[in-house]
2 protein chains.
Amino acid sequence: MQLRNHVEWAIHCCAILAGVPEEHYLATRDLAEFHGVPKEYLSKALQALSTAGLIESTLGPGGGYRLSKPAKEITFLDIVEAVEGKASTFVCTEIRRNNPCRPKGARESKACAVARVMWEADDAWRAKLRSVRLSDLIKTLQQDVPADLLEKTGKWVTLRT
Amino acid sequence: MQLRNHVEWAIHCCAILAGVPEEHYLATRDLAEFHGVPKEYLSKALQALSTAGLIESTLGPGGGYRLSKPAKEITFLDIVEAVEGKASTFVCTEIRRNNPCRPKGARESKACAVARVMWEADDAWRAKLRSVRLSDLIKTLQQDVPADLLEKTGKWVTLRT
DNA sequence: TCAATTAAGGATATACAATATCCTTAATTG
DNA sequence: CAATTAAGGATATTGTATATCCTTAATTGA
């Protein structure tokens with residue numbers, strides 16, 4: 001079980017978009033070039049973020065994407081679910097109903113005990129992702145990334161907005 | 001991102017194997033029939049459990065599988081990792097290295113901040129799975145499943161061991 | 001007004017993993 | 001010795017991820 005590369009791309013793109021000046025936009029072409037990924041395919045990930053309301057776009061020259069709300073209000077879970085969907089990683093196919101001893105057509109009073117555990121684990125995963133905001137990532141990057149690279153990158157982005 | 005159906009099958013099979021009398025075995029055929037899943041394909045999941053050391057097998061008539069240790073010593077994580085592998089659900093492709101502002105060949109001092117968050121979430125998922133034992137599932141089933149179905153099922157299993 | 005730019009998204013191709021079946025081999029049992 | 005069984009290789013089928021290409025409509029600036 002592996003997450004799509006769109007998840008990685010989408011998070012990194014949001015981090016860059018968080019540095020785009022107010023009232024400006026950054027184009028898919030630039031995000032693709034910056035991250036070294038195919039523009040047309042990255043575009044699908046950005047469309048997913050847009051559909052989820054995390055980023056917004058405008059057309060024409062100078063157009064592109066920007067965050068549609070403050071980085072503090074965007075969680076990792078928002079981004080992951082925008083790209084991967086909200087469905088649980090565990091799908092219960094109710095194989096307990098195939099138990100040959102079970103009366104046909106019997107109603108189950110509770111969800112399958114196996115599924116409940118798997119769903120709790122899924123919830124723990126999502127809770128962790130929900131607890132980290134895009135603004136937290138930005139703070140971490142400002143500590144981790146060397147100051148000169150941070151500055152150069154900021155200028156690179158600003159030049160294209 | 002979705003777990004394989006083998007995960008569901010493997011957990012249910014372990015629950016059934018926990019009810020196999022000492023020194024007895026239950027065949028793949030019977031586990032497949034009980035759960036209503038294809039025998040040859042289920043066999044692959046059982047082989048994975050066997051390779052992981054969670055169950056053990058013997059050949060010939062009366063052969064099959066049984067748990068290789070007490071249900072108390074088998075966690076959900078053991079089963080999930082036997083089937084899905086131990087690799088993280090998030091794979092970092094280091095796209096930060098593609099930043100055009102970054103000096104070529106520069107060494108990163110820390111793992112990518114994005115990956116660290118995603119790996120923490122993966123860890124939270126695994127921690128939850130590690131905290132639930134097969135014996136806990138058995139207890140839950142004994143509470144949830146009607147007594148007569150529980151008894152019939154026990155007899156069905158015993159008859160085939 | 002017009003040409004260039006851009007996101008949105010449909011259509012399609014390719015690669016790979018999940019699902020599934022079949023068959024051979026070797027071990028074990030009675 | 002014949003029947004049974006797990007192990008596992010080979011292969012087929014389906015579905016999803018990855019990726020590209022192209023059309024459409026909106027927007028911008030000249």
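Here is the naming used below: chain letters follow the sequence lines, and residue numbers restart at 1 for every chain.
Among the nucleotides C/dG9, D/dA6, D/dT18, the one closest to any side-chain atom of A/Arg4 is D/dT18. Of all nucleotides listed (C/dA18, D/dA6, C/dT29), C/dA18 comes nearest to the side chain of B/Tyr41. The side chain of A/Pro61 approaches D/dT28 more closely than any other nucleotide in the set D/dA19, D/dT28, C/dA7. Of the candidates D/dA19, C/dA7, C/dG10, the closest approach to any side-chain atom of A/Trp9 belongs to D/dA19. Ranking D/dT20, D/dA6, D/dG8 by closeness to the A/Glu40 side chain, first place goes to D/dT20.
Side-chain N/O atoms of A/Gln47 and A/Ser43 include a donor and acceptor closer than 3.5 Å.
One hydrophobic cluster, built from ILVMFWY side chains closer than 4.5 Å, cannot hold both B/Leu42 and B/Tyr25; they sit in different ones.
When Watson-Crick and G-U wobble pairs are counted only if both distances are under 3.5 Å, C/dG10 pairs with D/dC21. Across all strands shown, D/dA3 is found opposite C/dT28 as a Watson-Crick or G-U wobble partner, with both distances under 3.5 Å.
Not a single donor-acceptor pair under 3.5 Å links the side chain of A/Asn99 to the backbone N or O of A/Arg96. Here the side chain of B/Ser68 pairs a donor or acceptor atom with the backbone of B/Leu54 at under 3.5 angstrom.
Separating the CG atom of B/Leu42 from the P atom of C/dT19 is a distance of 13 Å, rounded to the nearest angstrom. For the pair A/Leu26 CG and C/dA7 C1', the interatomic distance rounds to 13 Å; values are reported in whole Å. In this structure, NE2 of B/His24 is placed 15 Å from P of D/dT5, rounded to the nearest angstrom. Here the P atom of nucleotide D/dT23 and the CG atom of A/Leu59 are 18 Å apart, to the nearest Å. Look at CD on B/Glu84: it is 10 Å from C1' on C/dA18, rounded to the nearest Å. C/dT21 atom C1' lies 14 Å from atom CD of B/Gln47, rounded to whole Å. Taking atom CE of residue A/Met1 and atom C1' of nucleotide C/dA17, one finds them 14 Å apart after rounding to whole Å. Taking atom NZ of residue B/Lys39 and atom C1' of nucleotide C/dT21, one finds them 11 Å apart after rounding to whole Å.
For D/dA6, neither phosphate oxygen OP1 nor OP2 lies less than 4.0 angstrom from any side-chain nitrogen or oxygen of B/Ser43. One finds a side-chain N or O of A/Arg29 lying less than 4.0 angstrom from the OP1 or OP2 phosphate oxygen of C/dT6. Checking the phosphate oxygens (OP1, OP2) of D/dA17, no side-chain nitrogen or oxygen of A/Asn5 falls inside 4.0 Å. One finds no side-chain N or O of B/Thr58 lying less than 4.0 angstrom from the OP1 or OP2 phosphate oxygen of C/dT28.
Remark on DNA chain C: of its neighbouring residues A/Thr51 and B/Gln2, the 5'-side contact belongs to A/Thr51, judged by nearest-heavy-atom nucleotide. Looking at which nucleotide of DNA chain C each of A/Lys44 and A/Gly63 is closest to, the 5′-most match is held by A/Gly63.
Note that SG of A/Cys112 is 7.5 Å distant from CG of B/Leu141, once rounded to the nearest 0.5 Å.
Taking the six-membered ring where tryptophan is involved, the planes of A/Trp9 and A/Tyr41 are perpendicular, since the angle between them exceeds 60° and thus also 30°.
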